[in-house]
There are 2 protein chains.
Amino acid sequence: MQSNLNDRATFLEESFLLSSTADLSQKRLWQDALQRHLRAFEKGAHFVHEGENWSFVVCVLDGWLTLSKSLDTGQVQILDFAMHNDIVEPTAGDGRTAIFNVQAQTDGVAAVIPLPVWSALLHDLPPLAQLVYATEAAVRSRRAERTLRLGKGSAEMRVAHALVEFCIRLGDRCGEVFHVPLTQQALGDFLGLSSVHVCRTTRRLSRAGILELTDHMDIRVLEPHKLADLAGLDPQMFRREIMPGAK
Amino acid sequence: MQSNLNDRATFLEESFLLSSTADLSQKRLWQDALQRHLRAFEKGAHFVHEGENWSFVVCVLDGWLTLSKSLDTGQVQILDFAMHNDIVEPTAGDGRTAIFNVQAQTDGVAAVIPLPVWSALLHDLPPLAQLVYATEAAVRSRRAERTLRLGKGSAEMRVAHALVEFCIRLGDRCGEVFHVPLTQQALGDFLGLSSVHVCRTTRRLSRAGILELTDHMDIRVLEPHKLADLAGLDPQMFRREIMPGAK
DNA sequence: CGCTGAGTTGAAGTATTTCAAAAGCTGTGG
DNA sequence: CCACAGCTTTTGAAATACTTCAACTCAGCG
């Protein structure tokens, strides 16, 4: 996982889909702002812990961030993963407190933008505001789908759903191998399951010929249709709902 | 539950905390917009079903709305309840499809504002935009807390948490009786539990002297501290995080 | 007065967790 | 190149939290 700021130009160029809608000067303004707050991070690095003061927005350019919360008992729930083109807003309704932990799941690059700067940008760049609005709608969609399954779905359904979601968010190449940088423990924390049960469930799926699991979460979905069925999803529809800018 | 449009003036006057930040002309603009889209609703009425086309934002002035999703099996998960001063955005990342059902849990009044109008308002009224931003942060906070408990909390913790949350959102008078317009079935759909188990759990709490449950969800919390402990919450902190505009 | 929907309780069933132990990789230092 | 430590995955067996099924009560209501 090679991530350094040298790739900046590429990242910024294709970042946040802004190219299509904005004129050149707006694009510059946005890219400058991003660039000024750019920061490379290493796997395991903490951005913020829940309860701390934190008034920044994090725009992820590369790598995975984990958003999590935990109980006094030490039980961890992962609320979401943020990756390329995702925007993380950890600040609570009071405008200062972070409501969850933000930690790097892999190496990567992000822009950490102070809230005042962020508001100004949103106000000055209507195309950005629009983009952020669409992105938030997409985030709400995928969290709604997950909450449904967290509350009412079986372990099998939850695992299947997560895999379909990852596959889509990682570029939608079913049939090919894609890598999910998570341990079974982390996947369990995401799905509200024990790591042991995640293991049993994935093994069952792979024995049923629905997917292939090589070491450390390299995944090849052999039967996308069956997997989507188990997840209770229409993949086309799901894709449109959770990917901002999709038709 | 008497809700008709005659109370309009009152609602609009105190609605959405806008009075404090906006100047008079802005306030007028906003109130006119609200008023133009005002609509009374009756318990059980459907605003929209998941999957339908829907490009409106719903601002709740009075009453409860239920936001829910369901599986093919018929299992229902309630994602959230919206009440006084809440804003509901049911539209997915594609800008057209509704991602959940919106249904009236009680009689009430809401403004149903088309998305284009809404965007224009947000752009023309910076104080409104700011308010909406804070409200969304509060919504994220309370959903994060819930997701944590849905994934990792016991039934007892989930029930306790929901009750504390309702108590706070309904005006924070612990020790007094407050009414939650939900059946145990609905509460179960909210918490990812069967109605039977909700019953057992609330009974246990009431037998332990932590709360009093009179018929049909009139609740008096006798031991707020114990209830918050069971919920794994610091009530002060929790209040600040989930109530927009709180200090 | 009998109907309907909601709450309550018991008993049996089941999905998932927990505990425990072994096996498989990965990196490190000798 | 091997040995060892540390972490992840895998598997089995026992425990448990919650669900499902079913029966009964109770209140409101036509």
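Throughout, a chain's letter reflects where its sequence line sits, starting with A, and its residues are numbered from 1.
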- Name the orientation class of the two ring planes belonging to A/Phe41 and A/Phe47 (parallel below 30°, tilted from 30 to 60°, perpendicular beyond 60°). perpendicular

Look for any protein N or O under 3.5 Å of an N or O in nucleotides 26-30 of chain D and output each such pair with its distance, or none.
none

- Task: Side chain of A/Cys199 only, please: which of D/dT10, C/dT16, C/dT9 is the nearest?
- Result: D/dT10

- Task: May I have the distance from B/Glu156 (atom CD) to D/dC18 (atom C1'), rounded to whole angstrom?
- Result: 14 Å

- Interatomic distance where NZ belongs to B/Lys152 and P belongs to D/dA17 [whole Å]: 16 Å

- Message: For B/His225, is the NE2 atom crowded, meaning more than 12 foreign heavy atoms sit under 6.0 Å from it?
- Response: no

- Can you check the A/Asp218 CG to C/dC25 P distance for me, whole Å? 14 Å

- Query: If you look at every strand shown and take non-hydrogen atoms under 4.0 Å, does B/Arg207 touch a base, only sugar-phosphate, or nothing?
  - Reply: sugar-phosphate

- Looking at D/dT11, C/dA6, D/dC18, which one has an atom nearest to any side-chain atom of A/Arg203? D/dT11

- Query: Thinking salt bridges, do B/Glu145 and A/Lys69 make one under a 4.0 Å N-O criterion?
  - Reply: yes

- Note on the structure: Atom NE2 of B/His197 and atom C1' of D/dC21 are separated, to the nearest Å, by 16 Å

- A/Leu182 CG to D/dT9 C1', in whole Å, measures 15 Å

- Note on the structure: Residues of residues 186-195 of chain A with a heavy atom under 4.0 Å from any atom of DNA chain D, listed by number, are none

- Query: Taking NZ, NE, NH1 and NH2 as the nitrogens, is one of them in B/Asp94 or A/Arg240 under 4.0 Å from a carboxylate oxygen of the other?
  - Reply: yes

- Item | A/Glu176/A/Arg220 ion pair, N-O < 4.0 Å | no

- Message: For A/His161 and A/Phe238, I'd like to know if the aromatic rings sit close, meaning centre-to-centre distance below 6.0 Å.
- Response: yes

- Query: What integer distance in Å separates B/Leu213:CG from C/dT9:C1'?
  - Reply: 16 Å

- Message: Can you tell me if A/Gln185 touches the phosphate of D/dC7, counting only side-chain N or O atoms and a distance under 4.0 Å to OP1 or OP2?
- Response: no

- Message: Using a strict threshold of under 4.0 Å (side-chain N to carboxylate O), is an ion pair present between A/Arg169 and A/Asp80?
- Response: yes

- Query: Between B/Arg39 and B/Asp62, is there a salt bridge with N-O shorter than 4.0 Å?
  - Reply: no

Grab the N/O contacts between the protein and nucleotides 12-16 of chain D below 3.5 Å, and write none if there aren't any.
{"residue": "D/dG12", "atom": "N7", "partner": "A/Arg200", "partner atom": "NH1", "Å": "3.3"}
{"residue": "D/dG12", "atom": "O6", "partner": "A/Arg200", "partner atom": "NH2", "Å": "3.2"}
{"residue": "D/dA13", "atom": "N6", "partner": "A/Arg200", "partner atom": "NH2", "Å": "3.0"}

- Query: Any Lys/Arg nitrogen of B/Arg142 or B/Glu241 sitting under 4.0 Å from an Asp/Glu carboxylate oxygen of the other?
  - Reply: no

- Item | Qualifying residue, where the test is side chain to side chain contact (heavy atoms under 4.5 Å, CB included) with A/Ser68 and the options are A/Val102, A/Leu79, A/Val76 | A/Val76

- Whole-Å distance, A/Gln184 CD to D/dT9 C1', equals 6 Å

- Please confirm whether B/Phe100 and B/Trp54 have ring centers closer than 6.0 angstrom. no

